[in-house]
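To start, the structure itself, in structure tokens.
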Protein chains: 2
Amino acid sequence: MVVLRRTVPATGSQVHTRKNWIDPNTSMTADKPRARLTLNDVARGCGVSRATVSLVLRGSPLVHAETRARVEAEIRRVGYIYNRAAANLRAQSSSSVALVVNDLSNPYFAEFAAGVDEALAAIGFVTLLGSTGESVQRQQAVLASLVEHAPAGIILSPAEGSDGASVARAVGPHVPVLVFNRELDGAWDYLVMDNRTGARLATEHLIGLGHRRIAFYGGHRDSSSCRERRDGYLQALAVAGLEAAPRWRIETAPTRLEAARQVGALLATEPVPTAAVCYNDAVALGLQLGLVARGRQAGVDFAVVGFDDIPEAAMSVPPLTTVATAPRARGRQAAERILARMRDPSIAIARQTIPVQLIARESSCPPPDASGNRRHE
Amino acid sequence: MVVLRRTVPATGSQVHTRKNWIDPNTSMTADKPRARLTLNDVARGCGVSRATVSLVLRGSPLVHAETRARVEAEIRRVGYIYNRAAANLRAQSSSSVALVVNDLSNPYFAEFAAGVDEALAAIGFVTLLGSTGESVQRQQAVLASLVEHAPAGIILSPAEGSDGASVARAVGPHVPVLVFNRELDGAWDYLVMDNRTGARLATEHLIGLGHRRIAFYGGHRDSSSCRERRDGYLQALAVAGLEAAPRWRIETAPTRLEAARQVGALLATEPVPTAAVCYNDAVALGLQLGLVARGRQAGVDFAVVGFDDIPEAAMSVPPLTTVATAPRARGRQAAERILARMRDPSIAIARQTIPVQLIARESSCPPPDASGNRRHE
DNA sequence: CTGAAAGCGCTTACAG
DNA sequence: CTGAAAGCGCTTACAG
């Protein structure tokens, strides 16, 4: 949606305005050029035309080596700074990609953002950041604002409850969008992890250790990633012929704190499970804390498996068995995909699935009543 | 430094290029406009001049209410998207701020970034993200790239070993810079936390609990924030007349893993300290883990205090006593400062100090031999 | 209150 | 190999 009555920041016109007064704080005014230098200044400074400087800047082979050297020296001498916005406007190009996440303070998204930025920086692109805090309204505002900066594409992790049509309206028909991490109604280019397989692997791992009563812990029913992970869990149980009691599926907000609070509900089920596949690592770490508070211990008398492999997973006590998705590499992959679609807008939208891998650590022990290979520190 | 021979992304000119072929994937071509709409299209669509549409867009009171309504309806109808880059070029203004951090996957910086973005988004500005991974070379490249996008300002957490003159050269004289978190040689606008006071409070807290042998654990000598915190620690010891043994100052990389690895060195000192002020929370959490691995426990037989109050601090076992600096609020403050300097470039540079607050939790127990108020769960 | 015109800093055919 | 000219999508005095 176009934001109407948009007011330019009250004093916007003062930014970068050429100053013709003398800065009272600076006595040495000579070495602080009063105005931002342009191609014209450089051209005049070394006696060539603006076009030639432009060609030099962009590495064209049309320019004589001597001329090029002269221009480059002048550019360095005066400290000229290229105005990419102007260049993009003229060339109808873009050198930015927008990244919209729901929660940057989630280390998983932070890693993902670092991966995106890494891949973009490598080709001189810039990341435009947007953060929605899981609010659909803020998401609309953020998208509307970002799209006005004409990014080459948008990488979007939709806020919960997002409406595909609204997103499409905010973005318009010209900017390729890559949806990651969550489903969004409508036809979109997707980058999603293989939630089903990941949860299936986690569950099979626990079954292989001897567990027969396995819970699915945490996450919200209306989150598509949670549904998919639960499906993978149910599938593994079905194949093994194990019971999938609905009372063993505990919903929580996907945070450590909420997960720690709900452990009572998990342990109150009858019979009590001996293991849990968790919606994600945050929930799994919360579960570990909640167990300690109730005199039990993950990796000793209760098996816990997470999902995501956030950095804390390896460092927790005990280290958390989890399903790795390499968020940083995924961020790079997302950036590559957007750049590919920018280069060739006729590429058909698709669903890319991230392979997923089980990382076995100490938190997934055999059940207490199982014989044999119990791990000790 | 200006990057020479900069090549525009190979197919850059294809982005946003007006297409006059029919998308083979779309049968419904009518509802997908072939070209990005401009003010001209809107003006023609409702029979006014481009100037009038521009005035409407920017909420000018000069436009007749009826005309305004007609224009707004047309804007909505055709899904016009404002081109802020063009507007900024013409008006010599900017609607972005660059944020350069060394490590986005550090939750402290992620929170800070979220705060910056929050404050900027509130006034329709956009955050340009840059990540240096503590590399001075990447920092130069990132700054050179960002400054070409003409941000209204740059918020920079310098990579370790940064050279102020190089930074100044990369940024040029026109963009206000706010340095946060670390010192940088030269005269800069600063936003730094009160490291000395924070570490002093932490140390006084331990002294108040009865500790007499207090270590300073973790961090690197060449980091200015580490030096300041160590100074605060030394100052508190001096005031209390306690010994400040150099062997009780253990250097580590400021990470959880490194801190956990060095615990042996701490416990090997003679006499062994009963408490430690840590460089930051990551180090403190690592120390807690390392203690457990050696049969000791923070909050029971060893007191630990961190610095930063990262989200994990409250959730660790035991919860970590630490010094809070509210990174999200600091991010907002950094954004406000940059915007203020943008509005009035004649504001003198200054050093803003963030107040700091001790958060007492379970990890800071009295010394084992002290009588009395030992905490129990 | 609205329109015609100039120009922000670039790029890009097109001549020469 | 280099220069003059048009134009990207806007804003902003300036007339009317």
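In what follows, chains carry the letters A, B, and so on, assigned in the order in which the sequence lines appear, proteins first and then strands, with residues in each chain numbered from 1. Small disclaimer: the values here were computed from a predicted structure and weren't measured. Note: hydrogens, waters and symmetry copies are ignored here, and every other heavy atom, side chains too, is used.
Rounded to whole Å, atom C1' of dG7(C) lies 12 Å from atom CG of N40(A). Atoms CD1 (I81(A)) and P (dG9(C)) sit 13 Å apart, rounded to a whole Å. Atom CG in N88(B) sits about 15 Å away from atom P in dC10(C), given to the nearest Å. Whole-Å rounding puts the R50(B) CZ to dG3(C) P distance at 12 Å. Taking atom CG of L89(A) as the reference point, atom C1' of dT11(D) lies 13 Å away to the nearest angstrom. Spacing between atom CG of L39(A) and atom P of dA4(D) amounts to 15 Å, rounded to whole angstrom units. For the pair R36(A) CZ and dG7(C) C1', the interatomic distance rounds to 17 Å; values are reported in whole Å. Here the C1' atom of nucleotide dT2(C) and the CZ atom of R68(B) are 14 Å apart, to the nearest Å.
Side-chain atoms of A86(B) lie closest to dC10(D) of the nucleotides dC10(D), dT2(D), dT11(D). Here the nucleotide nearest the side chain of L55(A), chosen from dG9(C), dT2(D), dG9(D), is dT2(D). For H64(B), counting side-chain heavy atoms from C-beta on, the closest listed nucleotide (dC10(C), dC8(C), dT2(C)) is dT2(C). In this structure, of dG9(D), dA4(C), dT11(C), it is dA4(C) that holds the atom nearest to the side chain of A51(B). With dG9(C), dT2(C), dT11(C) as the choices, the nucleotide that has an atom nearest any side-chain atom of T67(B) turns out to be dT2(C).
Between dC8(C) and R90(A), no contact under 4.0 Å exists linking OP1 or OP2 to a side-chain N or O. Not one side-chain nitrogen or oxygen of S49(A) sits closer than 4.0 Å to the OP1 or OP2 atom of dT2(D). Regarding contacts with the backbone of dC10(C), a side-chain N or O of Y80(A) is found under 4.0 angstrom from either OP1 or OP2. Close to dT11(C), at under 4.0 Å from its OP1 or OP2, lies no side-chain N or O of Q92(A). Contact between the side-chain N/O atoms of R58(B) and the OP1/OP2 oxygens of dC10(D) is not found at any separation under 4.0 Å. Contact annotation: T52(B) does not reach the phosphate of dC1(C) (side-chain N/O to OP1 or OP2, under 4.0 Å). In this structure, Y82(B) reaches the dT11(D) phosphate: one of its side-chain N or O atoms is under 4.0 Å from OP1 or OP2. The phosphate of dT11(C) (OP1 or OP2) has a side-chain N or O of S54(A) nearer than 4.0 angstrom.
Proximity of S145(B) to V126(A): side-chain heavy atoms (C-beta onward) are separated by under 4.5 Å at one or more points. Proximity of S95(A) to H149(B): side-chain heavy atoms (C-beta onward) are separated by under 4.5 Å at one or more points.
Ring orientation note: the planes of F112(B) and F180(B) are close to parallel, at an angle under 30° on the 30°/60° scale.
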Wobble G-U and Watson-Crick pairs count when both distances are under 3.5 Å; given that, what is the 5' to 3' dot-bracket string of DNA chain D, with | for pairing to other strands? |||.||||||||.|||
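A side-chain donor from one of T52(A) and S49(A) sits under 3.5 Å from a side-chain acceptor of the other. With 3.5 Å as the limit, one finds no donor-acceptor pair spanning the side chains of N102(A) and T132(A).
Just one of L184(B), N181(B), L178(B), V177(B) meets the side chain to side chain contact (heavy atoms under 4.5 Å, CB included) condition when paired with Y190(B); it is L184(B).
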Could you check L128(A) against L129(B) for side-chain contact (heavy atoms from CB on, under 4.5 Å), going step by step and ending with a plain yes or no? CA-CA 6 Å; L128(A) 306 178; L129(B) 189 63; over 6 Å; no
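A distance-only check finds a donor-acceptor pair linking the side chain of T38(A) to the backbone of N40(A) [under 3.5 Å].
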